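Below is one structure, written out as structure tokens, with a few remarks after it.
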Amino acid sequence: MSLAEKLAQERRARLAAERLLELKQAELTDANRKLGRHALALTKRIGATQAEIATFRNENEKVKSDLNTANEKVEQAERRLWHSIQAFQDGFAFFDSNSKLIGANTAYLNIFEGVEEVAPGVSYVRILQILTDEGLIDTEELSADAWRAMMTERWMSPAPEATVIRLWNDRYVKLIDQRGFDGDIVSLALDITATVHYEEELRTARERAEAANRAKSAFLANMSHEIRTPMNGVVGMAELLNDTSLTEEQRLYAGTIKNSGEALLVIINDVLDYSKIEAEKLVLNPETFDLEACMHEVVMLLQANARDKGLTLLVDYDLFMPTNFIGDPGRIRQILTNLIGNAVKFTNQGHVTARVTGVPHPEDNTVMLHIAIEDTGIGIPEEKIKHIFGEFNQVEDATNREFEGTGLGLAITERLIKMMDGEIWVESDFGAGSCFGFRLPLVVADGNKVSAPDMPQNLRHVMIVDDMQINREILNRQLQRLGLQVTPVSSGAEALEHMSEDIDLVVTDRNLPGMDGVKLARSLRHDWQDVPVLLLSSDPADMRDLSIQDIFAGVLQKPLPRGALFSALSSLGKPELALPATGPDTGEAAAVAPEPSAECPASDQQDGSHLPRMRVMAAEDNRTNQLVFRKMVKDLNIDLRFANNGQEAVDLYQSFLPDLIFMDISMPKMDGKEATGVIRELEKTAPSRVQIVALTAHAMDGDSEGILAAGLDDYLTKPLRKGLIHERIMNNLPSGAAPLVIERDSSDLRATA
Ligand code: ADP
């Protein structure tokens, strides 16, 4: 091989080595570059991680400090809570679900008077043991064991009732224990010593006040008796004096004595009633009674006053409402007397109307009665309306000063109504009139269905003649409800003008302007003699006026009770339409002329002298009252004997065998109730039972109940009233006894047996 060739070969080899070197260098550079990039990324990642670590570290620090603050707060709250619990005057303790004490405040621990064992960890049962063993507790009538057993049982119950324990030092602690969800118990021990002592003081004070009140009631009862007994003499004697021949002047004096005595009794009754209600001593005595009759009785008593003042007194009793209810008739009568009496008193012209309506509640057999007393009187100024129901309150102004009264009537009325679950209100137009209304729920008495009267077929159209619009309205409504056609007119002349074939009955008022009811009836006799005429009159004398009897189909007393209207209408079809003979015990007829002492027309039956006289015994210890009684019945044909006390009454009952006994309740030796008891006992072997009517000073504190329970049948309160005594005697006249003639030459009272 030539040199050139060798050189060429070498050059080629060197060139190849150089190319290889270049290649390797390029690879190396590339690898370096990659390595650099990798290192850079790595550095970046390390930087980020370091930053994250720094953040975490910061956060960690913050959490740590927050935790410290929170812990401090919790500790502070716990400290505060504990301080508060410690500051309690009352004991406070917690127990765990195993009834071990967790903690208790000083007040709680103080109960244990320093017994060291009472500390966290002690059990409740052990605490009870310590209380009894150390004599810290007064277990009163229980033994220590029994007391602990009772307290343990209480503690174990799911919701222990609060209980009061008494400590050895006369302190009272009320224990209130509350179970938590996990069985823990929070226990409160409240020191109620002051409250217990205060309650004791109150109890003693109340007992003392009640005793004083009882003494006051007893005093009032006594006083009422003591005042009433002589008043009986005063009023009774004045009444009798009036029956003798007197000069006008003497009659005035006697009348004044009687009126003043009666006025005084009204005041005494008001004061007594009010103090009884105040002392919560007033009891209601519910019984079956006839509300409508009760209203008419009240109105009848006030009728004379109203007539003297020229007032019309009306009762508008819803025609188809029941009349028999269960209630306290005496108290309901008192309410009505107060309200209707006030209306009459404070009205100088116009009318007073008592309206009765009601909403039946069949589900409990009651009726919500709504009774309104309207008047056209002086009215009550707006600002005084609230005031009048207060005790001793009266409207005092020029219009009112002339009226007497105690100012207790409405206060008593309101309370009585409240006692009966009712409500009273008043509306008034000053100068024009007032309306007092009250609501009263009353139970309807059994068998008290209201049925329409059995009216004659041919009675379809009635003419009413009355100058008072309100009268016409009431009667119109009542007759329309019975299905009758009504033509109301306001005078006799108008009546004659409107008379027609169509009219089957005329009902006329007695007092009419121009032509009165009697004259009208006489005129009608000419042209319309087949049309019966009924006369309405508020004067009881008309009931007995024979001169008008034959021109009327009936004379009815105003205000007109429904029974009287019904019976007058149903008797129209019957042949004998003349004035019915009324006696006190003939209910139907009495309703037509419903005066308490309804009397008979004169007739020729005077005889009967051959018959034995009715035997009446009156037991009464007071001589004056005996005298009054004797005088009151002097015109009656009876055999009257007196007993001076209960014992004498029993003896006389056996020897005299009376047909009727009047029995004073308070008498020496043996009182009226006791004497009645003995008589009732003796009577068991006798052929009949004698009626015994009690004479009481005043029905105090459910006296009437006691009287009836003692076997008496009925009672009259003093002062005695001639009319009522006569009524009782007449009601009990045995058949076959001599008539009770009072005056031979008068048409008055006579035998009605
Ligand atoms: P008294 O009638 O004994 O004064 P009340 O308590 O019955 O007492 O009545 C209180 C007052 O209410 C009466 O004095 C009177 O001023 C007023 N008053 C009561 N009823 C009426 C009435 N119908 N019209 C006007 N005023 C009346």
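Both counts, for ligands and for their atoms, begin at 1 and track the order of listing. Note that the numbering runs from 1 along the sequence shown for the chain. Just so you know, these numbers come straight off a predicted model, no measurement behind them.
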Open item on the list: Residue-level breakdown please: for Ile380 versus ligand 1, do any non-hydrogen atoms fall below 4.0 Å on the side chain, on the backbone, on both, or on neither?
Closed with: side chain
Open item on the list: Run the salt bridge (charged side-chain N to carboxylate O under 4.0 Å, His left out) test against Lys258 and tell me which residues pass, sequence neighbours left out.
Closed with: Glu262
Open item on the list: Do the side chains of Asp318 and Arg355 get close enough for a salt bridge, i.e. N-O under 4.0 angstrom?
Closed with: no
Open item on the list: Under a 4.0 angstrom heavy-atom cut-off, which atoms of ligand 1 come close to Leu410?
Closed with: 5 (P), 6 (O), 7 (O), 9 (O), 10 (C), 12 (O), 19 (C)
Open item on the list: Give me the atom names and distance for the closest heavy-atom approach of Ser428 to Ser434.
Closed with: OG-OG, 3.1 Å
Task: Those residues that, when tested against His361, pass ring-ring contact (aromatic ring centres under 6.0 Å, His included) (two or more places apart) - done: none
Open item on the list: Is the contact between Asp375 and ligand 1 made by the side chain, the backbone, both, or neither, using heavy atoms and a 4.0 Å cut-off?
Closed with: side chain
Task: Ile378 N/O to ligand 1 N/O under 3.5 Å - done: no
- [ ] Report, in ascending order of atom number, the atoms of ligand 1 lying under 4.0 Å from any heavy atom of Lys345.
- [x] 1 (P), 2 (O), 3 (O)
Open item on the list: I need the minimum non-hydrogen distance between Met515 and Ala493, along with the two atoms involved.
Closed with: SD-N, 4.5 Å
Open item on the list: Less than 4.0 Å is my threshold; does some heavy atom of Ser434 fall inside it relative to ligand 1?
Closed with: yes
Task: Region of Phe436 that comes within reach of ligand 1 [heavy atoms, distance under 4.0 Å] - done: side chain
Task: Test item: side-chain donor near acceptor, Ser666 and Asp671, under 3.5 Å - done: no
